[in-house]
2 protein chains.
Amino acid sequence: MSVTYKHPRPALAVDCVVFGLDEEDLKVLLIRRGVEPFAGRWALPGGFVHEDETLDEAARRELREEAGIEKVYLEQLYTFGAVDRDPRERVVSVTYYALVKLSEHAVRAATDAREAAWFAIDDLPRLAFDHEEIVDKAIARLRGKVRYAPIGFELLPKKFTLTQLQRVYEKVLGQELDKRNFRKKVAATGLLIELDEVEQDVAHRAARLYTFDEKTYRKLEKEGFLFEI
Amino acid sequence: MSVTYKHPRPALAVDCVVFGLDEEDLKVLLIRRGVEPFAGRWALPGGFVHEDETLDEAARRELREEAGIEKVYLEQLYTFGAVDRDPRERVVSVTYYALVKLSEHAVRAATDAREAAWFAIDDLPRLAFDHEEIVDKAIARLRGKVRYAPIGFELLPKKFTLTQLQRVYEKVLGQELDKRNFRKKVAATGLLIELDEVEQDVAHRAARLYTFDEKTYRKLEKEGFLFEI
DNA sequence: TTGACGTGGTGTCGGTTCGACACTAAGGTT
DNA sequence: AACCTTAGTGTCGAACCGACACCACGTCAA
């Protein structure tokens, strides 16, 4: 089966920059390409948009198929349309970025016999196509967004300590923050719920666990709120 | 001449939300559609992406062809990909927003025998396709961006008074600002150059003219600056 | 010419927020 | 019991913020 059009059309793809945070670093998920062009190179998970799915659906499908990732924070980033960004034929790519809780998503490593791996954002290999540019844009967006929207929580497990939360901000922003000032600020947002639990199995004083107050957040969001870290 | 592909592909279009500011309001440029679907309805200027042009180029070409607008601030907004957003066939639209100096762009009203007109953003007619959603997104983006990037200047002539600049911010943000505080803030940015000129032909004391200091701005931008109104 | 009108242009002050900064508490390990 | 590691907490000065009112200057009409 094939389709004929009066004028040529670019192919339409989606590509996703998936961020995760582990003990050391902010990382991006990459897939090693098996076929030309750029066979053997690392690339962003992605693929062509199907006829009957929206762009968001295509992005989620690719995340599921290529990395076994589901139910994550996902937001459209930018659409890349340079004429020769794919050497085969013209492909326009609508890109997304996703935030995953690494602790809960052990990311199926090799679907379709494909190799997948996490790379620290300041130690990336050379990427296929214009994917380096896409990652740069995603990092810039994440840095901007984290300042005025509470998306840092998306990188942490449901229950987290304040020190973990501070580390998220430090890794994303690439700068150290003052512990006391940080705690003052997050307390001032009123968006954290203090739990009656502490972390387990640590070789030092255990820290109190908190959780993000989504209900209050949604309420504030509707009223045209503010939020700053 | 026609083209055949193995799989169906959505058509790819660009649409532009063009903002301009006149004495009264922040306005959006619309074009009246001559053909079905939505014949007679107002719509955003836009059209299909050609094979050999980037998305940005397509947006600029459509602005030129449909409204005679050139050399404006143009930035990609979002890509809309709902499956049935065009009743004829699937069309994915990469949208842009543009800021024009209404004073200098008298916008050729009717190219291609098409009718074009400016509408105040809180008095828009019903629009074709999902263009209302696109305009909403553009307004939200403009409101966000104007706070931390000096794009207000793009809506004014090269030389402007501080009162005019304040009006830009008031119209874009939809709220009144304090004159003295506003002047303190813009002075503090160091991005305005005070000219040895005053406005002409006004029936009251003439205001001093200023211009935006692009060189200093570009320098600050590279150093990772800050800016807030 | 003078007075009225309309917009331009300017400074202070109290409240809030900001960042810098250091010690004790708790729990586990040896 | 001593020690090691991380948790948790408050103050103070500086900068910033928003609220607020009056005189200056130019035009126009009487």
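Numbers restart at 1 for each chain; the letters A, B, ... are given by sequence-line order, proteins then strands.
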**OP:** Taking the six-membered ring for Trp and the single ring otherwise, decide whether the centroids of A/Phe160 and A/Phe212 are under 6.0 Å apart.
**Re:** no

Subject >> NZ/NE/NH1/NH2 to OD/OE distance under 4.0 Å, A/Arg208 and A/Glu199 >> reply: no

Subject >> Any N/O donor-acceptor pair, B/Arg205 side-chain to C/dG8 base, under 3.5 Å >> reply: yes

**OP:** Rounded to the nearest angstrom, tell me the gap between atom CD in B/Gln166 and atom P in D/dG18.
**Re:** 13 Å

Subject >> N-O pairing of A/Lys159 and A/Glu197 below 4.0 Å >> reply: yes

**OP:** In whole angstrom, give the distance that lies between atom CD of B/Gln175 and atom P of D/dG18.
**Re:** 10 Å

**OP:** Assign A/Thr163 to base, sugar-phosphate, or nothing according to its heavy-atom contacts below 4.0 angstrom with the strands shown.
**Re:** sugar-phosphate

Subject >> Side-chain donor/acceptor of A/Lys184 to base of C/dT16, under 3.5 Å >> reply: no

Original post:
Does a distance-only test, which skips hydrogens and angles, find a donor-acceptor pair under 3.5 Å between the side chain of A/Arg180 and the base of C/dA22?
Top reply: yes

**OP:** Would you kindly give the CZ-to-C1' distance between A/Arg167 and D/dA7, to the nearest whole Å?
**Re:** 16 Å

Original post:
Between A/Glu214 and A/Arg218, is there a salt bridge with N-O shorter than 4.0 Å?
Top reply: yes

**OP:** Return the nearest nucleotide to the side chain of B/Asp178; candidates are D/dG8, C/dG6, D/dC20.
**Re:** D/dC20

Subject >> Salt-bridge contact A/Glu24-A/Lys171 (side-chain N to carboxylate O under 4.0 Å) >> reply: no

Original post:
Just to confirm, is there a sub-4.0 Å distance from OP1 or OP2 of D/dG8 to any side-chain nitrogen or oxygen of A/Arg208?
Top reply: no

Subject >> Degree of bending in the helix from C/dG15-D/dC16 to C/dT30-D/dA1 once both end axes are built from five pairs, to 10° >> reply: 20°

**OP:** Please report, rounded to the nearest Å, how far the P atom of D/dT27 is from the CD atom of B/Gln200.
**Re:** 10 Å

Original post:
Between B/Lys137 and B/Tyr78, is NZ or CZ placed under 6.0 angstrom from the six-membered ring centre and within 45° of the ring axis?
Top reply: yes

Original post:
Is the phosphate of D/dG18, meaning OP1 or OP2, less than 4.0 Å from a side-chain N or O of B/Lys185?
Top reply: yes

Original post:
DNA chain C: B/Asn181 or A/Ala206, which has the more 5' nearest nucleotide?
Top reply: B/Asn181

Original post:
Separation of A/Glu197 atom CD from D/dA7 atom P, in whole Å?
Top reply: 17 Å

**OP:** Figure out the CZ/P separation between A/Phe182 and D/dT9, and round it to whole Å.
**Re:** 14 Å

Original post:
In whole Å, what is the span from the CD atom of B/Glu199 to the C1' atom of C/dG8?
Top reply: 9 Å

Subject >> d(CG, B/Leu173; P, D/dG18) in whole Å >> reply: 12 Å

Original post:
For the side chain of B/Ala207, counting heavy atoms from C-beta on, which of D/dA7, C/dG19, C/dG8 is nearest?
Top reply: C/dG8

Subject >> side chain to side chain contact (heavy atoms under 4.5 Å, CB included) assessment of B/Arg41 paired with B/Leu127 >> reply: CA-CA 6 Å; B/Arg41 279 269 190 98; B/Leu127 301 183; 6.0 Å; no

